[in-house]
Amino acid sequence: MTDKTSNRMWGGRFAAGPDAIMEAINASIGFDKRLAAQDIAGSRAHAAMLAATGIITDSDAEAIGEGLLTVLSEIEGGDFAFSTALEDIHMNVEARLKELIGEPAGRLHTARSRNDQVATDFRLWVRDQIDAADAALVALCRAFLAQAEGGADWVMPGFTHLQVAQPVTWGHHMMAYVEMFGRDLSRFRDARARMNECPLGAAALAGTSFPIDREMTARALGFARPCANSLDAVSDRDFALEFLGAASICAMHLSRLAEELVIWSSAQFRFVRLSDRFSTGSSIMPQKRNPDAAELIRAKTGRIFGAGVALLTVMKGLPLAYSKDMQEDKEQVFDAADSLMLALAAMAGMVADMAPDRARLEAAAGTGFATATDLADWLVRVRGMPFRDAHHVTGRLVALAEEKGCDLPDLHLPTCRRWIRASQVISSRCWAFTIRWRRAQALAAPRPSGCARNRPLEGGPVMKRLGAALMLALLAGCGADGEPVAPSMNANIGAGPGGVSGSAGVTVRKGPFSVGWGAGL
């Protein structure tokens with residue numbers, strides 16, 4: 001009679017092996033084999049600690065360590081035969097280790113459970129993904145900074161409701177995305193700092209009776225400290241949820257940018273030209289140049305959002321500590337991480353390669369009565385008119401210009417006089433404005449570039465302040481110890497000589513960014 005007892009890793013109290021369907025639903029090796037490097041790193045650290053505390057011999061620990069390196073080499077070389085019957089990456093690795101070194105392999109799992117093992121592996125993997133996202137975001141911000149520096153004073157229209165609103169500059173628009181992605185970088189770094197605790201030693205849920213050294217394994221794996229509570233260590237996945245939350249916000253920013261690139265590269269706008277490297281053609285229309293990379297980034301956002309909802313749903317009803325439901329915590333995180341990294345790489349390439357059309361940008365900045373707000377402001381500042389009256393007068397003049405098919409500076413004096421006489425807003429200030437209309441045209445309806453210069457406040461598109469921001473961002477590379485540093489700007493930026501404030505205006509510090517500016521560049 002065939003022995004159907006399955007899985008010598010846990011099957012001692014079972015008289016028969018699992019049904020084939022049970023084996024299929026129970027196995028996770030199809031996806032958690034991605035944790036192989038992290039699993040082997042955790043096991044090597046655990047074995048070294050067991051030897052250091054006298055729980056296993058030095059010779060056994062050495063054999064385990066060398067054997068695990070062999071297993072890792074086989075996996076990386078594609079020579080490892082994964083078994084569904086062995087369920088997961090942990091048991092696949094341990095079974096192969098036993099084939100390689102014999103009895104010492106059975107000592108590896110002393111003072112450890114698959115619960116703290118998988119929690120450690122998953123934290124290590126998510127931490128690695130955060131580091132990869134960090135590097136990708138820095139590359140993206142660098143691409144934006146190069147674009148901003150190249151077109152710092154190029155005038156373009158700013159939009160609200162996708163309608164021309166007020167003139168801004170290309171550099172200012174590019175720096176808006178540096179701000180957004182800088183905050184994304186800050187969120188990832190903040191999540192990394194919070195998750196950087198080691199679950200090893202929590203065992204199944206209540207720790208272990210062996211005299212282990214949890215600080216030693218935490219240090220060996222680069223964790224800041226061991227997890228403080230063994231129940232919490234094995235039962236929560238909020239570190240993965242934080243990663244997905246930061247990834248979702250970052251993907252949302254990528255999607256908004258992708259939408260702008262789709263619009264800007266269209267024949268109707270022609271603000272930018274995307275390179276051949278990130279465009280495709282049509283199988284039937286020879287003239288087509290499609291921004292498919294941007295469109296796919298826009299679509300992948302939904303997969304990343306969905307991963308967060310899926311994991312929240314898995315976790316929402318689980319009592320402490322571990323439940324098998326938590327095996328379903330990885331696939332969506334893997335997929336979201338893959339999607340995010342691909343999107344960041346593609347976007348960095350598109351931004352670095354895209355060629356803005358300065359002439360088109362400047363021409364568009366002069367359409368849609370983009371200078372109307374500056375005209376209203378001029379009426380308030382120079383003529384002393386209440387802003388509501390100035391807004392009304394300017395709105396009527398815009399309507400008049402629209403009716404005549406011209407722009408505000410093209411309205412002539414007799415037309416303005418006739419309108420003012422018929423207007424409900426008749427005052428000495430309005431009349432004084434019409435008498436001086438010709439003389440005031442250069443101020444009241446300036447060119448878009450003049451409008452941009454008329455907004456010197458911090459955070460605005462003035463070139464001097466943009467130049468200061470660019471300089472600080474480009475200089476904020478790495479400190480003497482090689483760690484990233486991040487500038488933190490306050491309202492004094494641009495107040496000092498040459499547009500850069502004194503020491504009170506700019507601080508540079510390490511670690512996660514402060515709110516307000518972000519680029520660890």
Side-chain angles (χ1 to χ4, degrees), residues 9 32-72 75 88-98 100-101 104-131 191-240 243 321-322 326 329-330:
M9 300 292 180
D32 70 12
K33 61 186 176 184
R34 291 187 65 166
L35 300 175
Q38 291 78 17
D39 188 71
I40 289 171
S43 290
R44 295 186 77 236
H46 183 67
M49 181 274 297
L50 292 176
T53 53
I55 298 171
I56 65 173
T57 65
D58 289 341
S59 60
D60 280 351
E62 184 177 351
I64 289 169
E66 292 300 318
L68 286 170
L69 288 178
T70 300
V71 174
L72 180 61
I75 292 173
D88 56 30
I89 185 61
H90 323 299
M91 287 164 46
N92 270 265
V93 168
E94 188 175 330
R96 177 58 179 150
L97 182 65
K98 185 174 179 60
L100 290 171
I101 69 171
R107 305 186 192 282
L108 172 60
H109 210 55
T110 307
R112 187 177 70 171
S113 163
R114 278 192 295 176
N115 292 1
D116 62 341
Q117 188 177 359
V118 69
T120 302
D121 293 357
F122 200 19
R123 280 186 189 244
L124 288 170
W125 191 90
V126 171
R127 193 178 69 183
D128 289 343
Q129 293 305 303
I130 289 176
D131 292 343
R192 190 191 196 280
R194 190 164 20 258
M195 66 161 285
N196 202 29
E197 297 182 342
C198 185
L200 274 180
L205 77 162
T208 175
S209 61
F210 289 93
I212 63 173
D213 185 344
R214 294 191 66 207
E215 291 283 352
M216 180 179 174
T217 48
R219 285 195 304 271
L221 295 171
F223 288 109
R225 66 193 68 82
C227 292
N229 183 286
S230 61
L231 286 168
D232 175 61
V234 300
S235 67
D236 209 347
R237 294 295 184 265
D238 57 356
F239 63 90
F243 169 73
Y322 183 85
M326 293 166 70
D329 61 355
K330 298 174 192 67

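Put simply, CZ on R237 and CE on M326 are 3.5 Å apart, with the number rounded to the nearest 0.5 Å. We find the CG-NE2 distance between L221 and H46 to be 11.0 Å, quoted to the nearest 0.5 Å. Between atom CD of residue Q117 and atom CD1 of residue I89 there is a gap of 9.5 Å, rounded to the nearest 0.5 Å. The CG atom of D39 sits 4.0 Å away from the CG atom of D121 when rounded to the nearest 0.5 Å. Within the model, atoms CZ of F122 and CG of L35 stand 7.5 Å from one another, a figure rounded to the nearest 0.5 Å. Here I64 contributes atom CD1 and K98 contributes atom NZ; the two are 11.0 Å apart, rounded to the nearest 0.5 Å.
No side-chain heavy atom of F243 sits under 4.5 Å from any side-chain heavy atom of M195. By the 4.5 Å heavy-atom criterion applied to side chains, E94 and S43 are not counted as neighbours. Side chains of I212 and I55 form a contact here, defined as non-hydrogen atoms less than 4.5 Å apart.
Atom CD of E62 is surrounded by 12 or fewer heavy atoms from other residues, nucleotides or ligands within 6.0 Å.
At a threshold of 4.0 Å, the pair R194-D238 does not count as salt-bridged, since none of the basic side-chain nitrogens sits closer than that to a carboxylate oxygen.
Looking only at distances, no side-chain donor or acceptor of H90 sits under 3.5 Å from a matching main-chain atom of S113. With hydrogens and angles ignored, the 3.5 Å screen pairs no side-chain donor or acceptor of D116 with any backbone N or O of L200. Judged by distance alone, with hydrogens and angles left aside, the side-chain atoms of R192 form no donor-acceptor pair with the main-chain N or O of D131 at under 3.5 Å. Using modelled atom types, no side-chain atom of N196 and backbone atom of A193 make a donor-acceptor pair closer than 3.5 Å.
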Exercise for the section: Output, in order, the C-alpha distance, side-chain angles, deciding distance and verdict of side-chain contact (heavy atoms from CB on, under 4.5 Å) for L50 and F210. Expected result: CA-CA 9 Å; L50 292 176; F210 289 93; 5.9 Å; no
Practice task
Evaluate the side-chain contact (heavy atoms from CB on, under 4.5 Å) criterion for residues K33 and N92: first the C-alpha distance (whole Å), next the side-chain angles of each, then the deciding distance (0.1 Å), finally the verdict.
Solution key: CA-CA 9 Å; K33 61 186 176 184; N92 270 265; over 6 Å; no
Practice task
Decide side-chain contact (heavy atoms from CB on, under 4.5 Å) for L100 and V71; before the verdict, give the C-alpha distance in whole Å, the side-chain angles of both, and the deciding distance to 0.1 Å.
Solution key: CA-CA 9 Å; L100 290 171; V71 174; 3.7 Å; yes
Practice task
Start with the C-alpha gap between R96 and T70, add the side-chain angles, then the distance that decides, and say whether side chain to side chain donor-acceptor pair (under 3.5 Å) holds.
Solution key: CA-CA 10 Å; R96 177 58 179 150; T70 300; over 6 Å; no
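For the residue pair A321 and S235, the shortest heavy atom distance occurs at O-CB, 3.1 Å. Contact between T57 and A51 at its shortest, heavy atoms only, is O-CB, 4.1 Å. Nearest heavy atoms, A36 versus I75: CB-CD1, 3.8 Å. Across every non-hydrogen atom of A37 and L72, the tightest pair is CA-CD1, 4.0 Å. Nearest heavy-atom pair, V234 versus A204, reported as atom, atom and distance to 0.1 Å: CG2-O, 3.4 Å. In terms of heavy-atom proximity, I101 sits nearest to G67 at CG2-CA, 4.2 Å.
The salt bridge (charged side-chain N to carboxylate O under 4.0 Å, His left out) search around D88 returns R114, not counting sequence neighbours. Shown here are the salt bridge (charged side-chain N to carboxylate O under 4.0 Å, His left out) partners of D60, two or more places apart in sequence or in another chain: R107.
For the pair R127 and F239, the cation-pi criterion (under 6.0 Å, within 45° of the ring axis) is not fulfilled.
Residue pairs meeting the salt bridge (Lys or Arg N to Asp or Glu O under 4.0 Å) criterion with at least one member in residues 205-223: none, sequence neighbours excluded.
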